[in-house]
K.L.:
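Sharing a structure below in C-alpha cells format, with a few things to ask.
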Amino acid sequence: MEQIFIHTSGVIEKNSKKIKTSVLKLLGNRIELDENFTLSSFFMMVRRYPDLKNISDILEPLLEIVLKNDGSGGKTKEIQSLLFYKTIEIKAFPGNPDLTFYNSLKGRINSTTKDLKFFHVETLLDHTLTLGKLNHVVFGDKEDIFQYDTFYTLFELVEGIAWELSFNFNPLQCSIRR
C-alpha cells in the first residue's frame, strides 16, 4: 500500500512531491501525519484540496465555522491532545454474531480519553492530533480491550473526523453563557 505524508500546513506529499491536483486517487493510501499536526492542519488540508469536501456534507459547514475563527485557533485546557483511532468489536451471544469497525476522535488526558461532543470545534483547533492503535473489544467487554498497531487511509481520516465533529456542530457564539 502506498503512503502519503500530511504536513501541518495541510499539504499532502507523496514520494517527496507535493500534491497539487485532485487527491481523490489518494483516498486509499496509508497516511502519516507530521508530529505537530493539529485539527487546524486537518481543516487547512480540506481547504487546500476541496475534493475532500465531497466525502461528507458536514465538512463545508465545519470549515465555515473554522474560517470564522479568523485562524487564531483555539485550545481548551480540559484536554491535552486529540487521538484518532479505530475500534473493532466482536459480538456474538445472544443473537447473531456481529463484527463492527469504526473510527473515533477523542480528547486525550494523560492515558485516558474523553468524548468531544460537548466541546466547540473552535476550542479544539490547536490541539495536536495523533493516530492511535486499533482497539479490539471482544463480546462487548470494555474492560479487556486489546490494542494493535494499525494504519489509516486518507479516506478514514477525513470521513472519521467529519463524522465525529458532526456532533460538535454548534459554533462558539451559540454557547449558553452564565
Side-chain angles (χ1 to χ4, degrees), residues 1-76 79-87 101-108 113 115-117 119-134 149-175:
M1 175 176 285
E2 295 189 55
Q3 185 164 323
I4 56 177
F5 183 81
I6 309 173
H7 293 270
T8 56
S9 63
V11 171
I12 297 175
E13 198 173 87
K14 183 174 181 178
N15 299 326
S16 301
K17 294 179 184 170
K18 293 180 182 180
I19 304 299
K20 297 179 181 174
T21 59
S22 172
V23 293
L24 293 181
K25 62 186 173 210
L26 304 176
L27 289 176
N29 283 199
R30 179 183 204 145
I31 60 170
E32 179 184 349
L33 303 179
D34 187 287
E35 67 181 28
N36 296 313
F37 192 84
T38 63
L39 189 58
S40 188
S41 302
F42 171 81
F43 285 109
M44 284 189 264
M45 176 186 69
V46 172
R47 202 167 159 209
R48 182 177 299 272
Y49 304 102
D51 287 345
L52 293 175
K53 289 188 270 186
N54 293 322
I55 293 174
S56 172
D57 290 337
I58 198 70
L59 281 170
E60 186 67 43
L62 285 170
L63 195 55
E64 287 176 24
I65 291 171
V66 170
L67 292 174
K68 285 180 185 172
N69 199 38
D70 297 330
S72 59
K75 194 171 191 178
T76 181
I79 60 172
Q80 296 166 332
S81 62
L82 298 172
L83 179 67
F84 186 78
Y85 63 95
K86 288 182 191 181
T87 301
F101 292 86
Y102 58 90
N103 293 308
S104 300
L105 178 67
K106 304 282 186 200
R108 189 173 7 194
T113 59
D115 283 334
L116 298 174
K117 63 183 172 184
F119 290 89
H120 294 278
V121 173
E122 300 93 324
T123 65
L124 301 173
L125 292 173
D126 287 344
H127 284 286
T128 304
L129 189 147
T130 56
L131 302 174
K133 294 187 175 209
L134 177 136
D149 288 333
T150 191
F151 67 89
Y152 298 86
T153 65
L154 180 58
F155 176 80
E156 287 176 308
L157 181 73
V158 174
E159 191 279 332
I161 289 178
W163 170 256
E164 287 289 330
L165 292 180
S166 70
F167 300 100
N168 305 64
F169 195 71
N170 292 330
L172 193 57
Q173 53 272 39
C174 293
S175 63

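As the structure is a computational prediction, the values presented were derived from the model and not from experiment. The analysis underlying the following values was restricted to heavy atoms, covering all of them including side chains, and did not include hydrogens, waters or symmetry mates.
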K.L.:
Would you say L27 and L24 make side-chain contact, with heavy atoms under 4.5 Å?
P.N.:
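L27 vs L24: side chains touch.
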K.L.:
More than 12 heavy atoms of other residues, nucleotides or ligands under 6.0 Å from CZ of R47: is that the case?
P.N.:
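No, because the 6.0 Å sphere around CZ of R47 holds 12 heavy atoms or fewer from other groups.
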K.L.:
Please report the closest heavy-atom contact between N36 and S41, naming both atoms and the distance.
P.N.:
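The answer is O-OG, 4.4 Å.
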K.L.:
For the residue pair R30 and F151, what are the closest heavy atoms and their distance?
P.N.:
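Minimum heavy-atom contact is NE-CB, 3.2 Å.
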K.L.:
With sequence neighbours left out, write down each residue that passes side-chain hydrogen bond (donor to acceptor under 3.5 Å, both in side chains) with N15, or none if nothing qualifies.
P.N.:
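Result, side-chain hydrogen bond (donor to acceptor under 3.5 Å, both in side chains) vs N15: none returned.
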K.L.:
What distance separates S22 OG from L52 CG, expressed to the nearest 0.5 Å?
P.N.:
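Answer for the OG-CG pair, S22 versus L52, is 8.0 Å.
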K.L.:
Taking it one step at a time, do V23 and M45 satisfy side-chain contact (heavy atoms from CB on, under 4.5 Å)?
P.N.:
CA-CA 10 Å; V23 293; M45 176 186 69; over 6 Å; no
K.L.:
Is there side-chain contact between E164 and S104, with heavy atoms separated by less than 4.5 Å?
P.N.:
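In contact.
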K.L.:
As an exercise, state the distance from NZ of K106 to CG of D115, rounded to the nearest 0.5 Å.
P.N.:
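That separation rounds to 3.5 Å.
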K.L.:
Distance from D34 atom CG to T128 atom OG1, nearest 0.5 Å?
P.N.:
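One finds 9.5 Å between CG of D34 and OG1 of T128.
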K.L.:
Do K86's NZ or CZ and the ring of Y152 fall within the cation-pi criteria of under 6.0 Å and 45°?
P.N.:
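Because its charged atom sits under 6.0 Å from the ring centre and within 45° of the axis, K86 does stack over Y152.
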K.L.:
Strictly distance-based, threshold 3.5 Å: is any side-chain N or O of N29 a donor or acceptor partner for the main-chain N or O of Q3?
P.N.:
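Between the backbone of Q3 and the side chain of N29 there is no qualifying donor-acceptor contact (under 3.5 Å).
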K.L.:
With rounding to the nearest 0.5 angstrom, report the OG1 to NZ distance, T123 to K75.
P.N.:
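Taking OG1 in T123 and NZ in K75, the distance rounds to 12.0 Å.
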K.L.:
Answer yes or no: is there a side-chain heavy-atom contact under 4.5 Å between F119 and I79?
P.N.:
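Sidechains of I79 and F119: in contact.
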K.L.:
To the nearest 0.5 Å, what is the distance between CD1 (I19) and CG (L154)?
P.N.:
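That separation rounds to 10.5 Å.
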K.L.:
Over all heavy atoms of both residues, which pair between A162 and I58 is shortest? Give the atoms and the distance, please.
P.N.:
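Answer, listing the atom of A162 first, then I58: O-CG2, 3.4 Å.
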K.L.:
Checking K14 now: which residues fulfil salt bridge (charged side-chain N to carboxylate O under 4.0 Å, His left out) with it, not counting sequence neighbours?
P.N.:
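Here the qualifying residues are E2.
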K.L.:
Between E32 and I4, is any pair of side-chain heavy atoms under 4.5 Å apart?
P.N.:
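No, too far: nothing below the 4.5 Å cut-off.
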K.L.:
Any non-hydrogen side-chain atom of T38 less than 4.5 Å from a side-chain atom of T8?
P.N.:
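Answer no - side chains too far apart.
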K.L.:
Report yes or no: does H127 contribute a side-chain atom to a donor-acceptor pair with the main-chain N or O of L83 at less than 3.5 Å?
P.N.:
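It does not hold such a pair.
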K.L.:
With a 4.5 Å cut-off on side-chain heavy atoms, are V66 and L39 touching?
P.N.:
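A side-chain contact under 4.5 Å is absent here.
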K.L.:
Restricting to pairs with a member in residues 6-55, which pass ring-ring contact (aromatic ring centres under 6.0 Å, His included), not counting sequence neighbours?
P.N.:
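Sorted result for residues 6-55: F5-H7.
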K.L.:
When rounded to the nearest 0.5 angstrom, what is the spacing between CH2 in W163 and CG in N103?
P.N.:
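Between atom CH2 of W163 and atom CG of N103 there are 12.0 Å.
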K.L.:
Might you work through the side-chain contact (heavy atoms from CB on, under 4.5 Å) test for L131 and I31, ending with a clear yes or no?
P.N.:
CA-CA 9 Å; L131 302 174; I31 60 170; 4.0 Å; yes
